[in-house]
Amino acid sequence: CATPTSGKVYLESRFPSDFFSVVPSREDMLNMLSNNTCNVVTDLKFFSMLFDKNISENNFTWGDKFISHQPGAAVTRKDDPEFSRVVNLVINSLFYGEEEGLTKDPSRCLNYTILPGSVADLEFLKAIYCVGNYGEIYYGDPNNRGENRINHGTGMLHSTPFGNLDRVNDDVVEGSLTNIKKIGSLMCGVILPVNFDGEVTESTTEVGMGVDFCRTLAAALFGGGYNDVSFLTFRETDDNSYIALVNYTVDVLVGARPEHRYGFDFSTPYYWGDGTAINGTNSFSFATRENDRMFSSFVNCVVVATIYALENGIDQERMMELPLVPLFGGELSFALRDAVAYSGNYDHIYTKNFGSGLFGSTRGRNSLNEGGPLLHPLPGTGNELMDISA
């Protein structure tokens with residue numbers, strides 16, 4: 001038995017429909033388990049044990065192998081980016097607090113003397129001082145937190161579940177997805193490190209990975225047309241790159257260090273560095289405009305697709321095993337397949353730019369996560385946020 005949100009998709013992909021039953025609620029599912037109508041249930045172990053105190057490990061055996069790794073997250077309205085930003089910053093602060101050893105401190109849990117007038121005026125560390133850091137509020141065995149731990153340099157490659165990609169979204173008729181498709185070319189801004197000296201399109205290492213991911217994005221947008229992209233370079237010593245993004249001079253940036261900036265979204269990093277929130281990140285992501293959520297989601301899906309392909313052993317020849325994505329419109333339903341058909345999985349891109357001598361744990365965070373820690377706070381806890389989008 002399963003509920004619509006607790007394993008239905010997994011069961012449909014593994015068993016004939018007459019081998020399982022989808023029930024409306026967790027309560028119904030657990031009642032059916034109790035009266036032997038169901039022999040097995042798929043559920044979040046934590047919720048099932050809390051939902052009915054009569055169902056415990058004394059009565060049933062819980063499997064020790066997870067069939068999926070669905071993260072929990074806060075959901076906000078897409079038309080309220082400011083509140084979404086606040087929620088993200090609060091959660092990030094909890095991670096930051098644990099990483100830096102900040103703990104609950106009632107003496108510092110003080111009311112505002114003047115009510116904040118903007119997000120930048122909020123003191124997000126109050127979340128820690130008043131409630132506690134992430135480790136303090138974590139519910140469960142503190143010695144068995146699995147992925148819910150602060151990462152200190154081990155594998156961070158982990159594909160977020162794609163979710164329901166089958167539905168068609170009306171928002172696709174507007175925004176950058178439509179405009180770029182009409183123009184027929186992607187303009188990709190490349191932020192260069194201070195010490196970079198060379199030809200961008202012939203580069204390797206971090207810059208080369210950014211260029212390759214731009215081409216991978218172009219392949220996803222234009223039915224495999226990975227050359228349908230132009231490059232504009234910027235130095236990371238100023239904010240000209242972000243100004244160009246705001247002004248639509250470029251469609252997207254690579255070489256962007258993921259952090260909390262007003263007006264911008266950052267994809268899942270395509271390269272993980274070894275930095276921390278307090279000493280600055282040396283990871284790199286795509287940056288997109290915050291008010292262009294459909295395009296931002298598309299860009300992130302392209303990055304995640306390369307990681308998903310690696311997790312599932314999918315290479316260029318097996319690209320048809322990637323899901324279709326009509327969510328972004330019929331013309332882009334093959335987008336993820338087109339992306340991996342060009343670039344291959346994440347390993348192919350990494351090896352192309354860093355060589356084949358690095359593999360497994362020697363790649364640090366740029367290796368597959370095998371159930372280890374996945375929490376990594378970003379720089380920016382409130383007052384140091386930069387707003388150049390006004």
Side-chain angles (χ1 to χ4, degrees), residues 162 165 168-169 171-191 199-204 207-234 244-245 248-256 265 267-268 270-271 284-289 292-310 314-353:
F162 288 115
L165 298 174
V168 177
N169 195 313
D171 291 345
V172 74
V173 298
E174 298 178 347
S176 292
L177 271 178
T178 296
N179 294 335
I180 295 170
K181 290 285 289 181
K182 286 181 179 179
I183 294 171
S185 179
L186 174 72
M187 179 58 77
C188 191
V190 182
I191 303 176
E199 173 57 44
V200 169
T201 57
E202 302 299 325
S203 300
T204 56
V207 174
M209 283 196 76
V211 170
D212 279 338
F213 268 97
C214 281
R215 295 195 186 282
T216 302
L217 177 59
L221 285 164
F222 304 114
Y226 62 89
N227 278 324
D228 295 329
V229 56
S230 299
F231 298 95
L232 192 60
T233 59
F234 304 90
L245 184 57
Y248 290 83
T249 303
V250 296
D251 300 310
V252 68
L253 294 173
V254 291
D265 281 335
S267 72
T268 298
Y270 60 78
Y271 178 84
F284 298 104
S285 297
F286 279 106
T288 51
R289 291 175 289 272
D292 202 352
R293 290 299 174 86
M294 181 60 69
F295 182 58
S296 297
S297 179
F298 181 85
V299 171
N300 190 63
C301 278
V302 170
V303 178
V304 171
T306 66
I307 301 171
Y308 175 89
L310 175 59
I314 299 172
D315 55 16
Q316 289 156 310
E317 293 182 355
R318 294 173 54 191
M319 58 86 176
M320 293 296 289
E321 296 177 34
L322 284 154
L324 294 171
V325 283
L327 171 68
F328 299 111
E331 290 185 4
L332 291 170
S333 61
F334 269 68
L336 304 187
R337 297 178 179 181
D338 289 331
V340 172
Y342 161 67
S343 69
N345 62 40
Y346 183 91
D347 259 4
H348 295 141
I349 302 174
Y350 188 92
T351 300
K352 176 183 176 182
N353 287 282

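- Note on residues 221-233: no pairs pass salt bridge (Lys or Arg N to Asp or Glu O under 4.0 Å), not counting sequence neighbours.
- Counted within 6.0 Å of NZ on K181, heavy atoms from surrounding residues, nucleotides or ligands total more than 12; the atom is thus considered enclosed.
- A donor-acceptor pair under 3.5 Å is formed between the side chain of S285 and the backbone N or O of S267.
- Taking OG of S343 as the reference point, atom CZ of F213 lies at 6.5 Å (rounded to 0.5 Å).
- Atom OH of Y271 has more than 12 heavy atoms from other residues, nucleotides or ligands within 6.0 Å.
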L221 vs F298, test: side chain to side chain contact (heavy atoms under 4.5 Å, CB included). Steps then yes/no.
CA-CA 9 Å; L221 285 164; F298 181 85; 3.6 Å; yes

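- Side chain of E321 to backbone of I314: no donor-acceptor contact under 3.5 angstrom is found.
- Around CD of E317, the count of heavy atoms belonging to other residues, nucleotides or ligands within 6.0 Å does not exceed 12.
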Give the table of side-chain donor-acceptor pairs shorter than 3.5 Å for residues 323-334, with sequence neighbours excluded, one pair per line with atom names and distance.
unit_1	atom_1	unit_2	atom_2	d
S333	OG	G330	O	3.1

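- When all heavy atoms of A219 and A339 are compared, the pair lying nearest together is CB-CA, 4.4 Å.
- Counting all heavy atoms, side chain and backbone alike, I349 lies closest to D212 at CG2-CB, 4.0 Å.
- How far OG1 of T204 is from CE of M209: 11.0 Å, rounded to the nearest 0.5 Å.
- Note on D265 versus R289: no salt bridge recorded, every NZ/NE/NH1/NH2 to OD/OE distance being 4.0 Å or above.
- Atom CD1 of I183 sits about 11.0 Å away from atom OG1 of T178, to the nearest 0.5 Å.
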Evaluate side chain to side chain contact (heavy atoms under 4.5 Å, CB included) for H348 paired with N345, printing each intermediate quantity in order.
CA-CA 6 Å; H348 295 141; N345 62 40; 3.7 Å; yes

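- For the residue pair D292 and S176, a side-chain donor N or O sits within less than 3.5 Å of a side-chain acceptor on the partner.
- A donor-acceptor pair under 3.5 Å links the side-chain atoms of S203 to the main chain of V200, judged by distance alone.
- The line from CG of L245 to CZ of F234 is 9.0 Å long, rounded to the nearest 0.5 Å.
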Run the numbers on N227 and F222 for side chain to side chain contact (heavy atoms under 4.5 Å, CB included), then give the verdict.
CA-CA 9 Å; N227 278 324; F222 304 114; over 6 Å; no

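- In this structure, OH in Y342 is found 5.5 Å from CZ in R215, a value given to the nearest 0.5 Å.
- Of the possible polar contacts, one joining the D251 side chain to the M187 backbone as a donor-acceptor pair under 3.5 Å is found.
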